[in-house]
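Reviewing the structure listed below.
The basis for the numbers below is simple: all heavy atoms, side chains too, and nothing from hydrogens, waters or symmetry mates. Just so we're clear, the structure is a prediction, and the values are computed from it rather than from any experiment.
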Amino acid sequence: MTLRNRLTRKNILIAGAVLAVALIAGAYVALRRPPRAEMARYVPASALAFVEVRNVADLADGLTGTKAWKELAPLLGISSQLRQIGIASDLIGRAGIGPEEAVIAGRAQYALALTGFEAETGLGEQGSFLRLRPSIALVIETHSDPGVAARIVRERAEILAQRVYGEAAVESVEDHYGTELRVFQGPQPDRQVVAAAIGSVIVIANHTRVITSCLDAISGRAPALAENSTLKEKRPVVDRDGPIFAFVTKSGVRKLVEFGPAIFASRVTTDPDRLGALTQIFGQLSKETIEGVLYGYEFASGGAVERYLTVLRPQVATALADPFKKSDNPTFDSLGLVPPEIEDFTILSVDRAGELPERMLKQLAPSVDLVAGMAFREFVLNFRKQLGLEPGESIGGAVGNEITLLKFNDAEPTAMIVSVTDKERVWAIAEKYLKRDDSTVSTQDYRGASVSLSSNQDGRAAALVGDYLVLGTRDQIIRVIDVSSSGAGLAGDRRVKEVMAERPAN
């Protein structure tokens, strides 16, 4: 081979390598997603809450990749090609090649903002009713040219309005600081669909006041939710770049507790006395203590991970630090009694768990107003009454450091597993709990455990299982005993171990 031939081949190899690198770099740049926008900048600071969906393609891909989807989709007759649709949408969005709306769907970020709501109560044929009329806006960052966003509003807003109101929708055009608002009025004067485009952002709302508040935030004429100190500081705690993030502001919490306490309390108990106490304490303390609530959702290990964070006022958090002081060397052994089929569970491992209500009352009362303090005091007294405790009587020395709450499903009451250090003393209190309202108690033996059944109409029962007191219904306790005997509890569940390993050290 001559020197010239060797140089020619060398040049070809070099040129080929350079071309390959250029193609790879070009493909990377061409298929790279547009920079992510901070959607909270498009939401007014006065909003009560907002939910962000970063990318629909990612959401579809993650959902169809979960174990639950793979098992349920064939049974429900859902096409297995949905995952390919998500992948194709992502590719179209990255490449920017394809139908205009498909490109936007693959690139867009979404935010749903709740700016307020009105409640209407009345009496109908089926009794009293409560109607909520939310003020909402859908904000879409299209990551496209402003002309494209404006054209979509012109061409598609009318179709959306007709789907909502039918042919009765009446269109008008308004101006807001140079931004054109397309307003579609429904049959009722207070019902609207309003759409506008500002830059690459499309906003759709159900009233002009809602859309103008978003436009003012986007343009900088009014403060945006992105400046909320709680959101800026605490978002990284729950937001791990998953497809969904949500935030409820302090004003949102205050507004929601005007009608929400009964909804949340009903998940814990159906007893009228306890429900009333929980409703009152939830409403008053939420207004006085909560700065915001954050939520993050992501896919991992073939499932979904949800993270919640309730942010307390600094003085309240300081007051609760002592009652909720973590126990030394927590074992979480109660997980061995938790059936794997339950809907969810809450496990507390705190120092002197049996005295927790009283210690919370002592520390929290000075940090809230008089009404909230009185409400909390009544809650603690009612809680002690439910357990059959006399004034001045305490269970602190008889109970260990671990309490686990089990929610089997919405139809069943919450069950409780309590670690015990003095079985005789704890069981004396449990008998008072079973005999409340002059109820009688009967006993059944099951797998070596004695299950005590109350004649109380709520079906309460109790049993000592190893070093734990289990309170719940008979069927719930039987399931706990079965799991304890077979070793099939959640203590060995890989996903639970992963979550427990990630918990904050303090």
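The distance from the CD1 atom of I198 to the OG1 atom of T179 is 4.5 Å, given to the nearest 0.5 Å. Distance CZ/R240 to CZ/R307: 4.0 Å, rounded to 0.5 Å. Going from atom CG of L294 over to atom NZ of K234 covers 9.5 Å, rounded to the nearest 0.5 Å. Atoms CD and CG, from E291 and N228 in turn, are 9.0 Å apart once rounded to the nearest 0.5 Å. Note: R313 CZ to T318 OG1 = 10.5 Å, rounded to the nearest 0.5 Å. E171 CD to Q162 CD: the interatomic distance, rounded to the nearest 0.5 Å, is 9.5 Å.
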**OP:** Show the numbers, then the answer: is there a side-chain contact (heavy atoms from CB on, under 4.5 Å) between T142 and V148?
**Re:** CA-CA 9 Å; T142 66; V148 173; over 6 Å; no

Any chance you could lay out the side-chain contact (heavy atoms from CB on, under 4.5 Å) test for K250 and T230, step after step, and finish with the verdict? CA-CA 9 Å; K250 180 179 179 179; T230 300; over 6 Å; no

| said: For a side-chain contact (heavy atoms from CB on, under 4.5 Å) check, start with the C-alpha distance between L309 and V311, then their side-chain angles and the critical distance, and finish with the verdict. | reply: CA-CA 6 Å; L309 177 65; V311 183; 4.0 Å; yes

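Checked against ring-ring contact (aromatic ring centres under 6.0 Å, His included), Y295 has the following partners two or more places apart in sequence or in another chain: Y308. In terms of the salt bridge (Lys or Arg N to Asp or Glu O under 4.0 Å) criterion, R41 has no residue partners (sequence neighbours excluded). Remark: D216 engages R221 in a salt bridge (Lys or Arg N to Asp or Glu O under 4.0 Å) (not counting sequence neighbours). By the side chain to side chain donor-acceptor pair (under 3.5 Å) test, E174 pairs with no residue at all, sequence neighbours left out. In this view, P330 and S327, F332, S349, R503 satisfy the side-chain contact (heavy atoms from CB on, under 4.5 Å) rule, not counting sequence neighbours. Every residue meeting the side-chain contact (heavy atoms from CB on, under 4.5 Å) condition with R163, not counting sequence neighbours, appears here in chain and number order: I159. Contacts of E233 classified as salt bridge (Lys or Arg N to Asp or Glu O under 4.0 Å), with partners at least two apart in sequence or in another chain: none. Residues satisfying the salt bridge (Lys or Arg N to Asp or Glu O under 4.0 Å) test with R133, not counting sequence neighbours, are E118, E120, D190. For A304, the side-chain contact (heavy atoms from CB on, under 4.5 Å) criterion is met by Y297, F299, not counting sequence neighbours. Residues meeting the side chain to side chain donor-acceptor pair (under 3.5 Å) test with E402, sequence neighbours left out: S334. Not counting sequence neighbours, the partners of T310 by the side-chain contact (heavy atoms from CB on, under 4.5 Å) test are I290, V293, L312. Scored by the side chain to side chain donor-acceptor pair (under 3.5 Å) test, Q109 finds H143 as partners (sequence neighbours excluded).
With hydrogens and angles ignored, the 3.5 Å screen pairs a side-chain donor or acceptor of N409 with a backbone N or O of E412. Put simply, the side chain of D239 never gets that close to the backbone of G296: no donor and acceptor are under 3.5 Å apart. No side-chain donor-acceptor contact under 3.5 Å links S135 to the backbone of T115. Using a distance-only test at 3.5 Å, with no hydrogens or angles considered, no donor-acceptor pair links the side chain of E180 to the main chain of V173. No donor-acceptor distance shorter than 3.5 angstrom exists from the side chain of S200 to the backbone of P146, with no hydrogens or angles considered. Within the 3.5 Å criterion, the main-chain N or O of Q192 finds a donor-acceptor partner in the side chain of Y165.
In this structure, R235 forms a cation-pi arrangement with F245, its terminal cationic atom sitting closer than 6.0 Å to the ring centre and no more than 45° off the ring axis.
Put simply, the side chain of L225 reaches to within 4.5 Å of the side chain of F50, judged on heavy atoms. A 4.5 Å side-chain heavy-atom check between F117 and L48 finds at least one atom pair inside the cut-off. In this structure, the side chains of C214 and P44 come closer than 4.5 Å at one or more pairs of heavy atoms. Contact of the T414 side chain with the T346 side chain is not registered, since no non-hydrogen atoms from C-beta on lie closer than 4.5 Å. Using a 4.5 Å heavy-atom threshold, the side chains of I136 and V210 count as separate. A 4.5 Å side-chain heavy-atom check between R36 and N55 finds every atom pair outside the cut-off. In this structure the side chain of F345 never reaches within 4.5 angstrom of the side chain of I417, judged on heavy atoms. In this structure, I218 and V203 have side chains that are in contact, with non-hydrogen atoms separated by less than 4.5 Å.
Closest heavy-atom contact between A217 and P223: CB-O, 4.1 Å. The minimum heavy-atom distance linking P340 with L490 is given by the pair CA-CD2, 3.7 Å.
Few gaps surround NZ on K232; more than 12 heavy atoms of other groups in view lie less than 6.0 Å from it.
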